[in-house]
Every structure is written in structure tokens, then in C-alpha cells.
Amino acid sequence: MHEHPVQLRWGDSDVFGHVNHARVLGLLEDARLAMAGPGPGAGIILARLEIDYLRQVHYRVSEHLTVSSTITRLGRSSIGMRQELTQDGEVALRAEMVLVNFDYAADATSPLTDVQRAHWTQWLVA
């Protein structure tokens with residue numbers, strides 16, 4: 001499992017201190033980018049995203065939350081990923097997504113290389 005600390009910004013919340021549902025998407029993206037890194041994980045793009053919002057997320061000054069990410073499936077050119085955002089020791093949202101390896105020059109998906117598979121396998125769960 002890959003764990004990534006994230007911090008909310010004051011502008012992420014509304015007048016009630018509740019974080020807007022769309023703002024947490026950026027936190028999930030930050031965690032995915034941290035997993036991908038600049039090396040063999042790069043070139044992966046988001047193809048599908050499904051989110052269950054389980055409880056409210058509240059803004060608190062200087063509080064760090066955690067995004068936990070696991071790889072659920074490695075396909076020919078796609079990767080299944082699950083992410084959970086935790087606050088106060090409870091899962092606030094759970095996301096299931098499909099990422100694809102993308103060849104920007106060809107403007108098309110491309111098979112994962114052996115190096116890419118090795119990179120993403122380190123977080124693969126059975």
C-alpha cells in the first residue's frame with residue numbers, strides 16, 4: 001500500500017468548513033502522481049473514476065490527511081487502482097479507477113512495458 005500525506009487548503013472548504021466534493025479529487029491526483037513519480041510510472045492517464053463519499057471531510061488548519069492507494073489489477077495497457085482518503089482514522093471516501101498507459105505521440109493507449117509493470121507491481125494487492 002502506498003500512503004501519501006495531503007493537506008487541505010483554506011480555499012477547499014465552504015462557510016461551514018466542509019470540503020467540496022470536487023476539491024478532494026485533486027488530493028487523490030496528488031497521491032497518484034507521487035506513486036507514478038518521474039520515472040517508469042509516468043505516462044499513465046486517468047480513464048475511469050468512481051467515488052463513494054462515505055462521510056464529510058472538514059478543513060482544519062495544519063491538519064494532514066492520508067490517501068492510501070493500492071493497485072488492484074494490471075492489464076495489458078491498463079491499471080486498476082483503489083484509493084481511500086482518511087480523516088480522523090475513518091475512511092471519508094473510496095475511489096476505484098482505471099488508469100491507462102498512454103503514448104502521446106500516437107495519441108493512443110499502449111501496452112505496459114516490463115519496467116512499468118515492475119514499478120506498479122510493488123503496490124499490487126491480491
Side-chain angles (χ1 to χ4, degrees):
M1 176 184 312
H2 180 270
E3 292 191 343
H4 184 73
V6 293
Q7 186 167 2
L8 296 169
R9 298 169 307 191
W10 179 80
D12 292 336
S13 65
D14 60 19
V15 296
F16 303 109
H18 168 263
V19 176
N20 182 281
H21 70 280
R23 297 291 192 169
V24 296
L25 299 179
L27 303 177
L28 299 180
E29 180 181 39
D30 289 347
R32 285 194 308 274
L33 291 174
M35 284 178 83
I44 303 296
I45 63 171
L46 183 65
R48 181 176 185 277
L49 175 64
E50 181 178 333
I51 299 180
D52 292 318
Y53 294 92
L54 305 171
R55 61 187 293 264
Q56 291 186 67
V57 176
H58 299 280
Y59 172 76
R60 299 180 191 123
V61 175
S62 300
E63 179 186 30
H64 286 84
L65 294 94
T66 302
V67 175
S68 301
S69 306
T70 55
I71 302 303
T72 58
R73 183 186 57 77
L74 282 173
R76 186 183 75 80
S77 61
S78 65
I79 300 168
M81 181 183 283
R82 175 178 299 122
Q83 291 184 293
E84 295 180 340
L85 175 68
T86 305
Q87 186 177 46
D88 299 329
E90 294 185 38
V91 176
L93 68 88
R94 183 172 295 118
E96 298 281 341
M97 63 208 66
V98 175
L99 309 170
V100 295
N101 192 41
F102 198 75
D103 180 340
Y104 289 91
D107 195 28
T109 61
S110 62
L112 293 164
T113 66
D114 290 341
V115 173
Q116 287 173 312
R117 284 186 180 285
H119 176 81
W120 293 104
T121 297
Q122 63 186 312
W123 300 293
L124 182 65
V125 294

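Both backbone and side-chain heavy atoms feed into the values below; hydrogens, waters and symmetry mates do not.
Residue D14 qualifies as enclosed at atom CG: its count of foreign heavy atoms under 6.0 Å is above 12.
Under the salt bridge (charged side-chain N to carboxylate O under 4.0 Å, His left out) criterion, D103 pairs with no residue at all, not counting sequence neighbours. For H119, the side-chain contact (heavy atoms from CB on, under 4.5 Å) partners at least two apart in sequence or on another chain are P40, Q122, W123. With sequence neighbours left out, R73 forms a salt bridge (charged side-chain N to carboxylate O under 4.0 Å, His left out) with no residue at all. Judged as a salt bridge (charged side-chain N to carboxylate O under 4.0 Å, His left out), and not counting sequence neighbours, R76 has no contacts.
Taking all atoms of both residues into account, the shortest heavy-atom contact from R23 to G11 is NH2-O, 3.5 Å. Closest non-hydrogen pair, W10 versus Y59, comes out as N-CE1, 3.5 Å. Summarising the geometry of S62 relative to Q7, their closest heavy-atom pair is CA-NE2, 3.3 Å, with the distance given to 0.1 Å. In this structure, S69 and Q83 approach most closely via the heavy-atom pair OG-NE2, 3.0 Å.
Note: E29 CD to L49 CG = 10.5 Å, rounded to the nearest 0.5 Å. Interatomic distance, R60 CZ to H58 NE2, rounded to the nearest 0.5 Å: 6.5 Å. Rounding to the nearest 0.5 angstrom, the gap separating the CZ atom in R94 from the CG atom in L85 is 11.5 Å. Rounding to the nearest 0.5 angstrom, the gap separating the CH2 atom in W120 from the CG atom in L112 is 9.5 Å. Atom CD of E84 sits about 11.5 Å away from atom OG1 of T66, to the nearest 0.5 Å. Separating the CD1 atom in I71 from the CE atom in M35 is a distance of 4.0 Å, to the nearest 0.5 Å.
Alongside V15, the hydrophobic cluster contains F16 (criterion: ILVMFWY side chains under 4.5 Å). Other cluster members for V91: L54, joined by side-chain heavy-atom distances under 4.5 Å among Ile, Leu, Val, Met, Phe, Trp and Tyr.
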(request) With side-chain contact (heavy atoms from CB on, under 4.5 Å) as the test, would you mind laying out the steps for I51 and L28 before giving the verdict? (result) CA-CA 11 Å; I51 299 180; L28 299 180; 4.2 Å; yes

(message) Quick one, E96 with R82, criterion side-chain contact (heavy atoms from CB on, under 4.5 Å). Give me CA distance, side-chain angles, the key distance, then yes/no.
(response) CA-CA 5 Å; E96 298 281 341; R82 175 178 299 122; 2.5 Å; yes

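Annotation: side chain of I45 is not in contact with side chain of T109 (no heavy-atom distance under 4.5 Å).
Remark: R9 engages D12 in a salt bridge, criterion side-chain N to carboxylate O under 4.0 Å.
When atom types are taken as modelled, the side chain of T121 and the backbone of L124 share no donor-acceptor pair closer than 3.5 angstrom. For the pair T72 (side chain) and G80 (backbone), a donor-acceptor distance under 3.5 Å is present. Using modelled atom types, one side-chain atom of R117 and one backbone atom of G75 make a donor-acceptor pair closer than 3.5 Å. The backbone N or O of Q87 sits less than 3.5 Å from a side-chain atom of R55, completing a donor-acceptor pair.
Connection of V100 to I79 is not established within any shared hydrophobic cluster, with ILVMFWY side chains joined at heavy-atom distances below 4.5 Å, either directly or through further cluster members. Placement of V61 and L65 within a single hydrophobic cluster is found when ILVMFWY residues are connected by side-chain heavy-atom separations under 4.5 Å, directly or transitively. Under a hydrophobic clustering in which Ile, Leu, Val, Met, Phe, Trp and Tyr are joined whenever their side-chain heavy atoms come within less than 4.5 Å, directly or via other members, M81 and F102 fall into different clusters. Follow the hydrophobic side-chain contacts under 4.5 Å out from L46 and you never reach V98; the two are in separate clusters.
Checking N101 against S77 by side-chain atom types alone, no donor-acceptor pair falls below 3.5 Å.
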